Structures are given as C-alpha cells and as structure tokens.
Amino acid sequence: MRFIKLRIYPVFYLISGTTDTEEVYFKVGRANFILDNLIAEGAAKEMIIIMPYGNPAKYFPACANVWEKGDIFSKDFINDLMPFIESNYRTINNRDSRAIGGFSRGGNQGLALGLTNLDKFSYLCSYSSFTSMELPVYDNVDSLNSQVRLFWLGVGTDDFLYGNAKDYMDFLDKKGIKNVKEFTNDKFGHTWMNAKYFLDKSARLLFNN
C-alpha cells in the first residue's frame, strides 16, 4: 500500500477593520487573489489564511467598553479559534509558522494579540493601525527582537490614523525595537487600496526566515 504524505502549511491570521465582517478581506481586500498571484510568481510562501470576525462583542451587548470587547475577541481567538483551526486544517503549529495582522482595528487587534502571545506568533503585521505603547513586552527589547521575525507596519501619509501610527513607529524606533515600515501617499488614505497594497508587500516576507 502506498501512503501519500500530506503537506502542512504556515498560517496567517488576517483581521478586517471595525465596520467589516470576516468576508470583506476577500470580497473587497482580494486577499485570495493577491496571495494566489504572489505564490504563482514564487514571491510568497504557500500558506493558509484565516480571516476571523473581529467584532464578536456585537453579540455580547452587556460589554460596555472597548477593552471588555477586546477581551472577548482575544479569549475567543486564543481559546476557541486557534484550537479549531489546528484540529481541522493541515497547519504547522509552532510560533515560527504563525503570523497575525490586519487592517485598521484589525491591525490593532493583531498586534496586541501577537505581542502578548509571543509564544504563539513570530510574524506581526499592521496595516493603517497602531496599538498600545504600554504593553509589558516593550520592557525587554532584546527578548522582543529575538522572538519577532518580522514586525511590519504600513500606513498612508494621508490616512486619518497617520499621526497615531507614526507615533507608534517612532516609539518602537526609540525603544530600539526592529521593524519594517511602508508609507504611501497616493492611495486615498484609510482605504482598501492601501490595505491590499500592504498585504501584497508584507506577505512576500512572511515565513522566509
């Protein structure tokens, strides 16, 4: 009897913005076409992209503030979504084979989750977003730099979040935290044209080191 060894793949958790559902990153953000083309060109690794719904607090009206809502998303993500994915798909289940990121609020969620779970993620991507500058992980720069294989940040100079995102980038630089930056000035600010461009640029670097 001949046995065929099935391939397993790294995973990129890609989160949409505040007003979006999990479908928007392929219906508008064209994530499937972008990755298919990059893979066909040999410009990106084959990977599984998971697009979770970033606003589960919508179904928990008792939550009164953003931080409570964020906790619901984080708990659902770590305790329910990740185990489900790793039990049902052919994934490589280690930190060097997991990436997390997103657009707008999804980028904030992705960075916050990744930075507080570095035992699970080593690739972090932020598209037109920023995150807290007060996370404990920033206190040990050497450890952070050694654990994160890619810290990728993109924002448009005409984006309404540019000031916040740039402040966060400057904070990382001042702390000595290694990161890759991408700026645009011709894609109409906080739009899916920027989100698609940033996905194209960052996906080329995932799982390459």
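The residues of the chain are indexed from 1 along the displayed sequence. What you see is a predicted model; the values in this text were computed from it and never measured. No hydrogens, no waters, no symmetry mates; every other heavy atom, side chains included, goes into these values.
- M51 is not listed as a side-chain neighbour of E23, based on a closest heavy-atom distance of 4.5 Å or more.
- With a 6.0 Å radius and a threshold of 12 heavy atoms from other residues, nucleotides or ligands, F183 has its CZ atom above the threshold.
- Here CE of M169 is found 10.0 Å from CZ of F151. Values are rounded to the nearest 0.5 Å.
- M193 and F198 fall into different hydrophobic clusters, where Ile, Leu, Val, Met, Phe, Trp and Tyr side chains are chained together by heavy-atom contacts under 4.5 Å.
- Taking the charged nitrogens against the carboxylate oxygens, K174 and D170 have no contact shorter than 4.0 Å, which rules out a salt bridge.
- No donor-acceptor pair under 3.5 Å is formed between the side chain of S97 and the backbone N or O of N93.
- Y89 and M47 fall into different hydrophobic clusters, where Ile, Leu, Val, Met, Phe, Trp and Tyr residues are linked whenever their side-chain heavy atoms come under 4.5 Å apart, directly or through other members.
- Put simply, the side chain of N194 gets close to the backbone of G189: a donor and an acceptor are under 3.5 Å apart.
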Apply the test side chain to side chain contact (heavy atoms under 4.5 Å, CB included) to residues C125 and S202: give CA-CA distance (whole Å), side-chain angles for both, the deciding distance (0.1 Å), then the verdict. CA-CA 7 Å; C125 299; S202 59; 4.1 Å; yes
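- Using a 4.5 Å cut-off on side-chain heavy atoms (C-beta onward), F103 and W192 make contact.
- At a threshold of 4.5 Å between non-hydrogen side-chain atoms, the residues V180 and L150 count as touching.
- No donor-acceptor distance shorter than 3.5 angstrom exists from the side chain of N117 to the backbone of D119, with no hydrogens or angles considered.
- Here the side chains of L115 and L144 are in contact, with some heavy-atom distance below 4.5 Å.
- A chain of hydrophobic side-chain contacts below 4.5 Å, direct or via other Ile, Leu, Val, Met, Phe, Trp or Tyr residues, connects L113 to I50.
- G17 approaches S104 most closely through the heavy-atom pair CA-CB, 4.2 Å.
- When the side chain to side chain contact (heavy atoms under 4.5 Å, CB included) test is applied to A99, the partners found at least two apart in sequence or on another chain are F12, Y123, L206, F207.
- Residues in residues 177-191 take part in these salt bridge (Lys or Arg N to Asp or Glu O under 4.0 Å) pairs, two or more places apart or across chains: D173-K181.
- Taking CZ of F171 as the reference point, atom CD of E134 lies at 8.5 Å (rounded to 0.5 Å).
- Between the side chain of N140 and the main chain of Y138, no donor-acceptor pair closer than 3.5 Å is present.
- Partners of D167 by side chain to side chain contact (heavy atoms under 4.5 Å, CB included), not counting sequence neighbours, listed by chain and number: M133.
- Put simply, OG1 on T131 and CG on L111 are 5.5 Å apart, with the number rounded to the nearest 0.5 Å.
- Between I92 and P10 the shortest heavy-atom distance is CD1-N, 3.8 Å.
- A salt bridge links R149 with D96: the distance from a Lys NZ or Arg NE/NH1/NH2 to an Asp or Glu carboxylate oxygen falls below 4.0 Å.
- Below 30°, between 30° and 60°, or above 60°: for F77 and F73 the angle between ring planes is between 30° and 60°, a tilted geometry.
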Go through T191 and D159 one step at a time and tell me if the side chain to side chain contact (heavy atoms under 4.5 Å, CB included) criterion holds. CA-CA 8 Å; T191 66; D159 192 312; over 6 Å; no
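- Closest approach of A203 to L38, counting heavy atoms only: CB-CD1, 3.9 Å.
- Applying the 6.0 Å contact sphere to CZ of F33 captures no more than 12 heavy atoms from other residues, nucleotides or ligands.
- With a 4.5 Å cut-off on side-chain heavy atoms, Y25 and I49 do not count as touching.
- If you chain together hydrophobic residues whose side chains sit under 4.5 Å apart, L124 and L205 never meet in one group.
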Intermediate values then yes/no, side chain to side chain contact (heavy atoms under 4.5 Å, CB included), W152 and S126: CA-CA 6 Å; W152 199 98; S126 167; over 6 Å; no
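- Linking Ile, Leu, Val, Met, Phe, Trp and Tyr residues whenever their side-chain heavy atoms come within less than 4.5 Å places L118 and Y13 in a single cluster.
- Using a distance-only test at 3.5 Å, with no hydrogens or angles considered, a donor-acceptor pair links the side chain of N145 to the main chain of G176.
- A distance of 9.0 Å separates CD of E86 from CG of L81, quoted to the nearest 0.5 Å.
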Derivation and outcome, ring pair (Phe, Tyr, Trp, His ring centres under 6.0 Å), residues H190 and Y162: CA-CA 9 Å; H190 204 73; Y162 173 75; over 10 Å; no
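- When all heavy atoms of S128 and L161 are compared, the pair lying nearest together is O-CD1, 3.4 Å.
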Side chain to side chain contact (heavy atoms under 4.5 Å, CB included) for N179 and V148? Distances and angles first, verdict last. CA-CA 9 Å; N179 64 88; V148 177; over 6 Å; no
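- Here the side chain of R95 pairs a donor or acceptor atom with the backbone of F121 at under 3.5 angstrom.
- Scored by the side chain to side chain contact (heavy atoms under 4.5 Å, CB included) test, N32 finds F26 as partners (sequence neighbours excluded).
- Side-chain atoms of S122 never come within 3.5 Å of backbone atoms of Q147 as a donor-acceptor pair (strictly under, hydrogens ignored).
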All N/O donor-acceptor pairs, side-chain side in residues 39-46, below 3.5 Å, sequence neighbours left out:
from: E46; atom 1: OE1; to: R7; atom 2: NH1; distance (Å): 2.9
from: E46; atom 1: OE1; to: R7; atom 2: NH2; distance (Å): 3.3

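- Between T91 and I8 there is no side-chain heavy-atom pair separated by less than 4.5 Å.
- Using a 4.5 Å cut-off on side-chain heavy atoms (C-beta onward), Y127 and V155 make no contact.
- Within the 4.5 Å cutoff, no side-chain heavy atoms of Y53 are placed close to those of I15.
- Between the side chains of S143 and S146, no donor-acceptor pair is found at a separation under 3.5 Å.
- Residues I100 and G110 come closest through the heavy atom pair CG2-O, 3.5 Å.
- Taking CD1 from I48 and CD1 from I85, the interatomic distance works out to 8.0 Å, rounded to the nearest 0.5 Å.
- Screening residues 194-209 for salt bridge (Lys or Arg N to Asp or Glu O under 4.0 Å), with sequence neighbours left out, gives D200-R204.
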